[in-house]
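All values derive from a computational prediction rather than experimental measurement.
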Amino acid sequence: MHLKTILNRVLKFKSFVYKSIRWVEETQEPTIEVEIIPRLNSRPVCSKCGLRGPGYDRLKPRRFEFVPMWGIKIFFLYAPRRVDCPRCDAVKVERLPWVTGKHRLTDTYAWFLARWAKRLSWKEVAEVFCTSWDHVFHSVEMAVQWGRKHMEMSNIEAIGIDEIQWHRGHKYLTLVYQIDAHCKRLLWIGKKRKVKTLLGFFRWFGKERSHSLRFICSDMWKPYLKVIAKKAGDAIHVLDRFHIMAHLNKAIDEVRATEVRELKAKGYEPVLTKTRWLLLKRPENLSKKQAVKLADLLRYNLRAVRSYLLKEDFQFFWTYKSPYWAGRFLDKWCTKTMRSKIEPMKKTARMLRKHRQLLLNWFRAKGQLSSGVVEGFNNKAKLTTRKAYGFRTYHAAEIALYHTLGALPEPKNTHKFF
Ligand SMILES: [Zn+2]
């Protein structure tokens, strides 16, 4: 069987044919060049308007990298024709079915790399396939652009709004997820976490779609609350469990850090050192050893311990069915916490009190929203931005996030190369 036969099986063009195939001797890596020529009597297609027109002249042959095989690099070699396009009234380069724009990689190879980039970091993909980081990046970029253009945008009823920190320092990204039972994915990314950021989302999303939203989950972040009330007032706005518990954990962290410093200064035995995770994790997620250590720690009348107990007490809130009883519980919990004299916890209680209505919406939406979705996405998003992709720009981070979390569609090819 000839290589040409295989190529015709996996990737056949209407107006072009594979001609000669040769082993290139003068390169370092084993390389095969596949010459492509236009089919007899076929007229070139204008790359600008898509109309066929009379040929004008031919350019120098160009190489387009194809999917490598058995450790051999494969290139298509083709001398593009120029079209004297009647519609554009200009001379244009012809459109080539195996490549998009001015890329040096064939679409097939770019999709191949992009698919691998979902499983490995960009650097790893470049290493495995002996290509450059730039080629991998541009392949993923192409896949994301295609996917964003072809994504299904109907039937979006529930969204979750989240923010993640990226880079060092206080730089944020706002992420909007679709969290419907039938479809969970990253919908949109914006720079920072300002009013303007989220307004950008609603502008992109469109008025009609915004009005048919039924549920929105978010943190208590003021700019978000403001924009949601303005742009999607018909939806039930829920403050989700993940973000609330994150606030409580942050308060405990603060209490503990201060107390550790005080105890040290007073020369007490360091009971609180290395207890951070004991206090932040759910008790059921602790190892046996950690559980013993926690039990030991709880004997002390420390502010960190009392904060921890308040937090664990608050977990009960989420088990209610009726908003009424949940509300009563919340009020009691807030009163108790306000009496605790622990300032970071009091601050959280005040915040919860202030957003009582939105908190209780959790119970009005119950059964239709899953609390784990936003948290799951948040973890994956952090991992994606942290992973050694080697990117520093916002654009690269954006592309990586859409690629890994966007559940973007791909063109339906006849042959899958892996
Ligand atoms: Zn044209």
Side-chain angles (χ1 to χ4, degrees), residues 100 103 107 110-125 133 135-166 172-193 197-198 200-206 209-210 212-213 215-218 224 240 242 369-370 372-413 416 418:
T100 310
H103 284 248
D107 289 346
W111 278 106
F112 175 87
L113 291 176
R115 281 187 200 119
W116 274 106
K118 276 191 185 164
R119 305 180 176 195
L120 306 171
S121 76
W122 296 354
K123 196 167 155 257
E124 285 167 326
V125 175
W133 187 92
H135 276 167
V136 179
F137 169 63
H138 288 300
S139 300
V140 175
E141 192 183 33
M142 177 280 306
V144 166
Q145 279 164 356
W146 194 94
R148 297 286 293 163
K149 211 166 131 189
H150 293 87
M151 68 196 272
E152 172 66 46
M153 287 291 287
S154 56
N155 278 330
I156 301 174
E157 295 193 330
I159 59 168
I161 300 162
D162 187 23
E163 78 277 328
I164 59 164
Q165 236 172 329
W166 83 299
Y172 287 90
L173 298 178
T174 295
L175 307 180
V176 182
Y177 307 109
Q178 179 178 4
I179 53 170
D180 283 305
H182 66 272
C183 181
K184 298 178 179 64
R185 61 181 170 165
L186 171 65
L187 269 186
W188 187 86
I189 307 169
K191 255 187 210 172
K192 301 185 182 166
R193 49 170 186 171
T197 315
L198 200 55
F201 163 75
F202 282 105
R203 202 178 315 121
W204 171 82
F205 197 56
R209 278 193 211 100
S210 306
S212 45
L213 282 174
F215 301 106
I216 301 180
C217 264
S218 84
Y224 291 168
D240 67 279
F242 160 61
L369 282 181
S370 130
V373 184
V374 174
E375 182 173 12
F377 272 125
N378 181 281
N379 288 334
K380 277 189 211 152
K382 276 190 203 149
L383 198 72
T384 304
T385 48
R386 234 187 272 138
K387 223 168 160 184
Y389 282 93
F391 51 66
R392 285 188 186 80
T393 64
Y394 167 73
H395 178 60
E398 188 186 22
I399 293 292
L401 285 167
Y402 279 135
H403 193 53
T404 41
L405 305 177
L408 292 171
E410 289 181 9
K412 285 187 181 65
N413 283 336
K416 285 255 181 288
F418 87 104

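Residues Leu173 and Tyr394 are in side-chain contact: their nearest non-hydrogen atoms beyond the backbone lie under 4.5 Å apart. Leu213 places a side-chain heavy atom less than 4.5 Å from the side chain of Ile156. Taking 4.5 Å as the limit, some side-chain heavy atom of Pro411 sits within range of a side-chain heavy atom of Trp111. With a 4.5 Å cut-off on side-chain heavy atoms, Leu401 and Leu186 count as touching. Side-chain contact between Glu375 and Asn379 is present, with heavy atoms from C-beta onward closer than 4.5 Å. Using a 4.5 Å heavy-atom cutoff, the side chains of Ser212 and Glu157 are not in contact. No side-chain heavy atom of Tyr172 sits less than 4.5 Å from a side-chain heavy atom of Thr197. Using a 4.5 Å heavy-atom threshold, the side chains of Met153 and Phe205 count as touching.
A donor-acceptor pair under 3.5 Å is absent between the side-chain atoms of His103 and the main chain of Met142, judged by distance alone. With His403 contributing its side chain and Ala143 its backbone, the two residues share no donor-acceptor pair below 3.5 Å.
Counting only N and O atoms by type, the side chains of Thr174 and Tyr224 include a donor and acceptor under 3.5 Å apart.
In this structure, Leu175 CG and Tyr402 OH are separated by 8.5 Å, a value rounded to the nearest 0.5 Å. Between the CG atom in Leu408 and the CD atom in Gln145 there is a gap of 11.0 Å [rounded to 0.5 Å]. Rounding to the nearest 0.5 Å places CD1 of Ile216 at 12.5 Å from CG of Asp240. Of the inter-residue distances, the one linking Ile161 atom CD1 with Leu198 atom CG reads 4.5 Å to the nearest 0.5 angstrom. One distance of note links NZ of Lys184 with CG of Leu405; it measures 14.0 Å at 0.5 Å rounding. The structure places OG1 of Thr385 at 4.0 Å from CD1 of Ile164, a figure rounded to the nearest 0.5 Å.
What you find for Ser210 and Gly206 is that their closest heavy atoms are OG-O, 2.6 Å. Val136 and Ala117 make their closest contact through CG1-CB, 4.4 Å (heavy atoms, listed as atom of the first residue, atom of the second, distance). Summarising the geometry of Cys217 relative to Ile179, their closest heavy-atom pair is SG-CD1, 4.1 Å, with the distance given to 0.1 Å. The two residues Ala110 and Ser139 come nearest to each other via the heavy atoms O-CB, 3.3 Å.
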> Does the side-chain contact (heavy atoms from CB on, under 4.5 Å) test come out yes or no for Leu187 and Met151, once each step is laid out?
Replying inline: CA-CA 10 Å; Leu187 269 186; Met151 68 196 272; 3.9 Å; yes
>> Show, in sequence, the C-alpha distance, side-chain angles and deciding distance for Thr100 and Trp146, and conclude whether the side-chain contact (heavy atoms from CB on, under 4.5 Å) test is met.
In response: CA-CA 11 Å; Thr100 310; Trp146 194 94; over 6 Å; no
> Can you list the steps and then say if Asp162 with Phe377 is a side-chain contact (heavy atoms from CB on, under 4.5 Å)?
Replying inline: CA-CA 9 Å; Asp162 187 23; Phe377 272 125; 5.8 Å; no
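Ring planes of Trp204 and Trp188: tilted class, angle from 30 to 60°. Relative orientation of the Phe137 and Trp122 rings is tilted, given thresholds of 30° and 60° on the angle between their planes.
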